[in-house]
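Proteins come first, then strands; the chains are lettered A, B, ... in the order of their sequence lines, and each starts at number 1. Quick note: numbers below take in every heavy atom, side chains included, and nothing from hydrogens, waters or symmetry partners.
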Protein chains: 2
Amino acid sequence: MQKRNAFYAQSGGVTAVINATACAVIQTARKHKDRIGKVYAGRNGIIGALTEDLIDTSRESSAAIAALMHTQLASIDKNRAQYERLLEVFRAHDIGYFFYNGGNDSADTCLKVSQISARLGYPIVAVHVPKTVDNDLPVTDCCPGFASVAKYVAVSMREAAFDVASMAKTSTRIFVLEVMGRNAGWITAAVGLAEDETTPIPLVLLFPEIVFDEARFLALVDAKVKKYGYCCIGVSEGLKNADGALMAEAGSKDAFGHAQLGGVGPMIATLTKDRLGHKYHWAVADYLQRAARHLASKTDVEHAYAVGKAAVELALAGNNAVMPAIIRTSDKPYRWKIGVAPLDKIANVEKMLPRNYITADGFGITAKARAYLAPLIRGEDFPPFKDGMPQYVRLKNAAVPRKLASDFKI
Amino acid sequence: MQKRNAFYAQSGGVTAVINATACAVIQTARKHKDRIGKVYAGRNGIIGALTEDLIDTSRESSAAIAALMHTQLASIDKNRAQYERLLEVFRAHDIGYFFYNGGNDSADTCLKVSQISARLGYPIVAVHVPKTVDNDLPVTDCCPGFASVAKYVAVSMREAAFDVASMAKTSTRIFVLEVMGRNAGWITAAVGLAEDETTPIPLVLLFPEIVFDEARFLALVDAKVKKYGYCCIGVSEGLKNADGALMAEAGSKDAFGHAQLGGVGPMIATLTKDRLGHKYHWAVADYLQRAARHLASKTDVEHAYAVGKAAVELALAGNNAVMPAIIRTSDKPYRWKIGVAPLDKIANVEKMLPRNYITADGFGITAKARAYLAPLIRGEDFPPFKDGMPQYVRLKNAAVPRKLASDFKI
């Protein structure tokens with residue numbers, strides 16, 4: 001069988017475990033040197049392919065590749081690939097395998113590369129490798145990257161709740177944590193793991209799937225403060241009002257008539273202050289939550305590695321336009337395996353939090369959600385620390401000499 | 001020598017390691033049962049003493065007290081103690097030792113308790129135990145609680161910088177992290193540890209000690225983005241304008257004419273967008289930074305325990321109105337010991353970041369600052385995890401029966 005090179009790119013934002021997938025792709029490819037020559041990566045993701053700015057991962061040591069397991073890094077997307085150019089570059093560098101690591105958009109790109117390359121007579125084996133903290137890809141039980149964010153927001157809310165509880169009598173009574181997740185409430189649901197039977201916390205969650213109902217929200221917060229002395233609120237950046245508009249983008253004035261500079265977190269905090277009179281604090285963890293490799297879920301790291309390894313093996317076994325998916329076979333004990341999903345079932349489909357994961361009142365998570373989320377955050381995988389700081393690898397990123405005469409404007 | 005009870009209270013906000021101090025106070029007192037009877041704590045800190053709502057720590061198991069080592073919790077202050085009432089409660093419960101764990105304000109309270117109790121003929125041995133994430137107490141080389149925040153903000157900025165760097169070519173170019181510290185720039189300086197020779201990061205720091213100069217700030221950010229493709233900014237919540245006003249509180253309009261909802265972090269981010277046109281993200285970690293026991297500095301935990309132990313030993317050795325201080329004897333290798341500071345040298349004095357810890361341009365930290373900060377964040381002391389979540393102890397908080405007839409309004 002013909003030996004060809006592979007191209008690996010990451011799409012969109014960072015996750016804490018994305019480079020466990022990169023590590024798996026490269027290590028697995030190196031085990032099949034009879035079939036896969038070099039693994040190239042694109043500088044700045046797929047843009048590096050368009051501009052023929054390729055990185056030769058074969059110049060990296062085994063130790064450096066292994067160190068990717070505990071390094072978070074990513075690249076770019078959202079720039080509609082110019083497929084013909086991509087294929088021109090692939091052809092010039094004898095690239096026959098395309099591994100694209102991302103979410104919904106990149107699954108679509110990956111599918112199109114497969115289809116167009118076949119039409120143009122230069123068939124590329126295109127395999128999508130799942131990764132998105134939003135956890136909104138269909139078919140797969142979860143998306144690598146999500147579980148570590150879930151762990152981060154659950155731990156952070158638990159820690160902050162201890163802080164607030166200790167001072168609620170005379171100081172802060174409301175704490176608001178704004179979390180990511182776009183239109184899907186998976187990360188918001190994970191905030192619910194902050195509390196359990198042994199660590200009760202008065203918690204109110206605002207999901208993007210549930211239209212914001214100001215009166216009911218305020219009544220619930222008021223009741224919690226009266227009963228427990230304080231209240232912690234987890235709010236999704238994707239929270240929407242009754243018109244379907246994002247609360248955080250409701251013009252220069254927010255939904256409550258305040259002019260807006262911050263996000264929905266400070267907006268919700270201000271609302272509780274204005275209406276209920278309590279002192280508040282709010283946090284917006286933003287990139288901190290998705291880049292927090294220091295608190296990665298071990299389960300997540302294992303998933304991220306497994307999908308990278310499976311992607312290469314699927315490609316070698318003749319699969320095209322597919323994505324390795326994580327298939328859960330049991331909650332207790334948690335068991336999972338790798339399955340295969342055709343890309344036309346993945347591309348551009350968003351998987352929302354099911355309604356039965358949200359309590360009837362719309363402000364909490366159900367036992368079903370807990371059963372889903374609990375195994376995902378299990379296990380720690382601390383990176384190596386030196387002088388108190390985590391050591392994340394920086395690769396050499398050795399450039400591959402160009403072969404094409406033409407430049408390409410992005 | 002007469003055996004008397006002790007009262008221990010925590011003042012102000014949480015730190016990641018505050019209960020290592022509580023653990024030390026209780027464990028050390030238990031070793032001296034001939035001299036110290038029970039250690040009482042106040043429900044909600046010193047307020048619990050005023051309202052005679054005391055907690056009997058002798059009802060907690062040794063295991064529970066030991067588990068405080070990895071639990072963050074705190075109590076209250078800022079409510080001017082009603083000293084006579086305090087002494088009335090102390091007398092009713094045969095409390096002869098007062099250990100007050102806090103920052104500047106509580107050092108002052110502690111000093112007054114010592115002075116007034118002597119005047120009223122019921123002398124209390126009052127020892128202040130240092131604790132403040134702001135790190136602004138004089139005499140002591142550092143304040144327990146600070147080093148863990150320092151580690152958290154340095155790690156968080158390093159992780160976020162990897163995120164931004166990977167996407168800067170086509171997406172976010174500016175990342176702003178707002179940090180705590182009030183008027184002192186110690187935490188802001190610690191953000192500077194995110195980068196070092198092996199991990200260069202284009203970083204701009206905005207200290208509360210340096211008046212914000214918009215034009216010079218924008219020019220520097222612009223230069224960094226042009227050279228490195230992105231720029232990370234650490235900004236103190238206490239950043240001030242030329243009038244000495246807090247940027248974050250400059251009325252409902254911020255200093256740039258935007259109406260303000262968020263803090264200074266989003267304000268700075270918006271400014272760079274308006275003037276330089278770059279896409280930005282911002283994070284405000286708020287309580288997450290000071291409650292992050294999961295990422296505590298081991299050095300900090302050791303300091304926190306040492307000052308608690310020393311406080312009890314100082315009291316037993318006849319010292320009054322003092323504070324155990326951390327005295328650094330060497331940077332390399334890092335060595336420290338416990339010294340004693342009289343409270344009148346501590347109360348209400350704020351120690352700012354020295355000017356020679358800040359680079360000449362006002363936007364970075366010097367080698368001197370690094371030499372100071374580096375040893376403090378060293379070492380990890382991860383809490384025990386169960387099912388993916390850190391396990392923080394909740395004590396029984398057994399109430400002590402009241403002895404006084406009168407109530408007391410706070």
Side-chain angles (χ1 to χ4, degrees), chain A residues 13-14 44 47 71-76 78-79 151 154-156 158-160 162-164 166-167 169-171 175 193 196 199 254 258-263 266-267 270 281-288 290-295 297 374 377-380 382 385 387-390 392 394 410, chain B residues 13-14 44 47 71-76 78-79 151 154-156 158-160 162-164 166-167 169-171 175 193 196 199 254 258-263 266-267 270 281-288 290-295 297 374 377-380 382 385 387-390 392 394 410:
Chain A
V14 153
N44 303 302
I47 289 177
T71 296
Q72 79 300 6
L73 268 171
S75 293
I76 229 66
K78 303 289 159 60
N79 187 306
K151 188 182 186 89
V155 169
S156 295
R158 175 173 290 189
E159 291 178 337
F162 271 84
D163 191 324
V164 179
S166 73
M167 302 201 304
K169 184 104 175 188
T170 55
S171 182
F175 177 71
L193 296 179
D196 56 29
T199 310
D254 69 28
H258 304 284
Q260 187 202 339
L261 183 67
M267 188 188 292
T270 310
H281 264 247
W282 53 264
V284 177
D286 193 64
Y287 287 167
L288 271 49
R290 72 182 195 188
R293 181 61 184 83
H294 76 269
L295 192 59
S297 152
I377 67 164
R378 257 181 229 147
E380 291 68 53
F382 300 115
F385 280 74
D387 294 335
M389 292 290 288
Y392 299 129
R394 297 224 170 177
I410 299 300
Chain B
V14 153
N44 302 302
I47 289 178
T71 296
Q72 78 297 11
L73 268 171
S75 292
I76 228 66
K78 304 291 158 60
N79 188 306
K151 188 182 184 89
V155 170
S156 294
R158 176 174 289 190
E159 291 179 337
F162 271 84
D163 192 324
V164 179
S166 72
M167 302 200 305
K169 182 103 175 189
T170 56
S171 183
F175 177 72
L193 296 179
D196 56 29
T199 309
D254 68 29
H258 303 282
Q260 188 203 337
L261 184 68
M267 188 188 293
T270 310
H281 264 247
W282 54 265
V284 177
D286 193 64
Y287 287 167
L288 271 47
R290 72 182 196 189
R293 182 60 184 84
H294 77 269
L295 192 59
S297 151
I377 67 165
R378 260 182 227 145
E380 291 68 53
F382 301 115
F385 280 74
D387 294 335
M389 293 291 287
Y392 299 129
R394 297 223 171 179
I410 300 299

Select one option (side chain, backbone, both, neither) describing which atoms of A/Ser156 are under 4.5 Å from chain B's heavy atoms.
both
Side chain, backbone, both or neither of A/Ile377 within contact of chain B (heavy atoms, under 4.5 Å)
both
Of all heavy-atom pairs linking A/Ala283 and B/Ala285, the shortest is CB-O, 3.5 Å
Could you walk me through whether B/Tyr392 and A/Thr199 satisfy the side-chain contact (heavy atoms from CB on, under 4.5 Å) test, starting with their C-alpha distance in whole Å, then the side-chain angles of each, then the deciding distance to 0.1 Å, before giving a yes or no?
CA-CA 8 Å; B/Tyr392 299 129; A/Thr199 310; over 6 Å; no
Search all heavy atoms of B/Val155 against all heavy atoms of A/Pro390 and return the closest pair with its distance.
CG2-CD, 3.5 Å
Nearest 0.5 Å please: distance from the CZ atom of A/Phe175 over to the CG atom of B/Leu288.
5.0 Å
Restricting to non-hydrogen atoms, name the atom on B/Arg293 and the atom on A/Glu159 that form the minimum distance, rounded to 0.1 Å.
N-OE2, 3.2 Å
Which pair of non-hydrogen atoms, one from A/Met389 and one from B/Leu193, has the smallest distance, and what is that distance?
CE-O, 3.6 Å
Look at the aromatic rings of B/Trp282 and A/Trp282 and report parallel, tilted or perpendicular, splitting at 30° and 60°.
perpendicular
From A/Lys151 atom NZ to B/Phe385 atom CZ, the distance as rounded to the nearest 0.5 Å
5.5 Å
